[in-house]
Amino acid sequence: MVAIRNLYWTERIRAFIVGGLILADTLCGVVGAAPGGVRAAGPRPLPLEIVQIHKQEQAKMTKRAGRRILRRSLVTASATVVLVAGLLFGLSALSFADDGPKPDPAGTATGDKSAAVDAAGNPFVPVEPTDKTAPDYAQNKKAFDDYQAQAAKEPLAVKLADSVGHVRIATNMAWTLNTGYLVLFMQAGFALLTCGLVRKKNAAHLMMLNFAAYVFAFLAYYAVGYAFQFGAVAINAAPTNLGGVPTLNHFLIGSGQWGFVGGKGFFLVGPAYDAGSNCLTLFEVVFMETAGYIIVGAICERISFWAFLLCELFIGAILYPISGCWAWGGGWMSQLGSTMNLGHGYVDFAGSTVVHAVGGFCAMALAIILGPRLGKFGPGGKIRVFPAHNIVYVVTGTFILLFGWMGFNPGSTLGATDFRISIVAVNTNLAAVAGSAAAMLIWYFLFGKPDITMACNGMLAGLVAITAPCAFVSPTASVIIGVLAGSLVCGGVLFNERVLKIDDPCGAVSVHGYCGWLGAVCVGIFADGTYGSGWNGVGAASYLGHAGQGVTGLIHGDTRQFWCQLMGATLYAVWAFGATYAVFWVVNKVKSMRVPEESEEVGLDVPEFGMPGYPEDAVVTTPY
């Protein structure tokens, strides 16, 4: 390094001397002018030797600087590749560990007589009891012995039970995959909604962000995210409707009922190369993508493309999967009912917090780091409204999202054999229309005219809020939840702009962050106990003194569930905001995440992506 610095200063001194000679020669040409101090024929040309020396020195310095930059880049890249390769190799080694059930990539062994159950979920094959101290040991042992005796007499019935179990799993897989496709289609809704809500000069920018979000977040989730979230799902939360995926049975951090991060399934190899596991992957990755789309609406019109890609990789690999493991991957929050006697543990049926609040509060942190768009707040903090450029896109996108939500919520049963899907679907729609009606009327009352963009955001707010409690509440409660969400989204938008001075172009923080938090809390208030018996391993026989009692909220007698939901929802908000702010505050200090001001003023379509969203606006016609 010392030699390089010495060489650098030697070249600088040499260039300085050559430059001085050139300047001196030029001045000599001016001094040696015609009488009267005016040159007769302009500056005297420089000697050819000096010009050639100057060009040679410039070329040498450029080459040396280029070589130094190239060497540093190669060293940095090599070190990065080695570190990443070592990390991924270590993680992948867990995925190939042969210490348990074997994966079934062909699907021929998934679903047998053990998967055959009646309408109440009672299995066709009784499980052999092992705990002789259990009060019902004698009863369970008799049932198991009777089954063994009958199976010996009727082998054909056992074979038929194998077929029934396989068909049941196949039906549920088909349902889960098809509802996953509906959730995937929500990307088109997000793209149209967010594009329509921003200014015309950023239309292509919005479309590219939505498209790139799917691409890069998916790759991050494939590499490590899925394993972090579901690598230990078989321990406490096996998806029995999909065959249980017994191969995913190891926590990377934690163990038993105190698991924090899953540890199997990296790159979908080894234990994750399984028919049931891949069905779960498809369904869950589009949920993760939803969290990735949410941030687009809050950080658009001023974030650089490289910074956005980094955000998506962070969400797909770290932020979403780790917290998703806590509630859905059999992690510690789902087990609080058993470990801390807090109801049925933390319950979020389809993702009000696991998906939406994580995306919403992540978006909030990023919006604060980036700061408001140019001109958003005038002198004295006066708010300037940037109108939506295409209302047709906004409304169309909203209805596509409503349609996709019919996969989002009912699909979270992971099985068509769970007839609660009909109630989930009706509850979802009721909350959506109630939220839209509330937002529409509140805006009408406050400002004298209903706002179609707020009506759409009210519908989305109702959908977000009902996502967690949709399976546990009645239709009437769903309407109440929708009204609360529609009111909250209006208050949230005004609070963010007027008090916190957060520039959120599409209202993503209010819709997904605030209303996602509300939805999880509503589980602890309105759940009526008619569904969820045995949820998270709690109350399979009876709960609150009633056989078959499921998840129950405050107004139906379970205060512990309410406190669990309140604390859990708040923790998700803190996690998403805190982790995002900590990481990207550092990133922004190292290199600004914002685009240059001149690019923001003209719009990001051409400066960032090389083409306008509306090229016809730039066409100048010539008169004939």
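In this chain, numbering begins with 1 at the start of the sequence shown. When reading the values below, keep in mind they use all heavy atoms of this one structure, side chains included, and skip hydrogens, waters and symmetry mates.
Rounding to the nearest 0.5 Å places CG of L460 at 12.0 Å from OG of S510. Here I481 contributes atom CD1 and T467 contributes atom OG1; the two are 10.5 Å apart, rounded to the nearest 0.5 Å. Rounding to the nearest 0.5 Å places OG1 of T290 at 11.0 Å from CD1 of I315.
The two atoms that bring V489 and G458 nearest to each other are CG1-CA, 4.1 Å, heavy atoms only. Scanning all heavy atoms of the two residues, the minimum distance from S323 to V358 falls at OG-CG2, 3.9 Å. Nearest heavy atoms, H344 versus W535: CD2-O, 3.5 Å. Between F251 and F260 the shortest heavy-atom distance is CD2-N, 4.1 Å. Residues T453 and D451 approach most closely at OG1-OD1, 2.5 Å, considering heavy atoms. Listed here is the closest heavy atom pair of Q187 and F211: NE2-CA, 3.8 Å.
Test F408, Y572, Y514 against H356 for ring pair (Phe, Tyr, Trp, His ring centres under 6.0 Å) and you get one pass: F408. Under the side chain to side chain contact (heavy atoms under 4.5 Å, CB included) test applied with Q561, the options V347, L566, L342 reduce to a single match, V347. The side chain to side chain contact (heavy atoms under 4.5 Å, CB included) with P410 is formed by just one residue from the set N427, V426, V424; it is V424. The residue from R199, R594, R302 that alone fulfils the salt bridge (charged side-chain N to carboxylate O under 4.0 Å, His left out) condition with E600 is R594.
In this structure, F609 and F305 have perpendicular ring planes: the angle between them is above 60°, well past the 30° mark.
Within the structure, salt bridge (charged side-chain N to carboxylate O under 4.0 Å, His left out) pairs that include any residue of residues 315-325 do not occur (at least two apart or interchain).
Between the side chains of Q565 and Y346, no donor N or O sits under 3.5 Å from an acceptor N or O. Remark: the S277 side chain and the Y226 side chain contain an N/O donor-acceptor pair separated by less than 3.5 Å. Looking only at atom types and distance, the side chain of W517 has no donor-acceptor partner in the side chain of T353 under 3.5 Å away. Using modelled atom types, one finds no donor on one side chain facing an acceptor on the other under 3.5 Å when comparing Y214 with E312. For the residue pair D274/T247, the side-chain donor-acceptor check at 3.5 Å is not satisfied.
The salt bridge (charged side-chain N to carboxylate O under 4.0 Å, His left out) search around E608 returns none, not counting sequence neighbours. Under the rule for a side-chain contact (heavy atoms from CB on, under 4.5 Å), the partners of P372 that lie at least two apart in sequence or sit in another chain are K376, F377, D503. Among residues two or more places apart in sequence or in another chain, the side-chain contact (heavy atoms from CB on, under 4.5 Å) test is passed with A237 by V233. For D528, there are no salt bridge (charged side-chain N to carboxylate O under 4.0 Å, His left out) partners two or more places apart in sequence or in a different chain. In this structure, the salt bridge (charged side-chain N to carboxylate O under 4.0 Å, His left out) partners of D558, at least two apart in sequence or on a different chain, are R560.
Judged purely by atom type and a 3.5 angstrom limit, N429 uses its side chain to pair as donor or acceptor with the backbone of A425. Judged by distance alone, with hydrogens and angles left aside, the side-chain atoms of N236 form a donor-acceptor pair with the main-chain N or O of G330 at under 3.5 Å. Formation of a donor-acceptor pair under 3.5 Å by the W328 side chain with backbone atoms of D348 is found in this model. Counting only distance, with no hydrogens or angles, the side chain of D504 and the backbone of V509 share a donor-acceptor pair below 3.5 Å.
Under the 6.0 Å cut-off for aromatic ring centres, F577 and F361 do not qualify, their centroids lying 6.0 Å or more apart. Under the 6.0 Å cut-off for aromatic ring centres, Y222 and F218 do not qualify, their centroids lying 6.0 Å or more apart. In this structure, F266 has its ring center under 6.0 Å from that of F228.
Using a 4.0 Å cut-off between charged nitrogen and carboxylate oxygen, R373 and E301 count as a salt-bridge pair.
Other residues, nucleotides and ligands contribute at most 12 non-hydrogen atoms within 6.0 Å of the OH atom of Y273. In the displayed structure, W258 atom CH2 is contacted under 6.0 Å by more than 12 heavy atoms of other residues, nucleotides or ligands.
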Quiz item: Can you list the steps and then say if T176 with M173 is a side-chain contact (heavy atoms from CB on, under 4.5 Å)?
Solution: CA-CA 5 Å; T176 302; M173 280 194 182; 5.7 Å; no

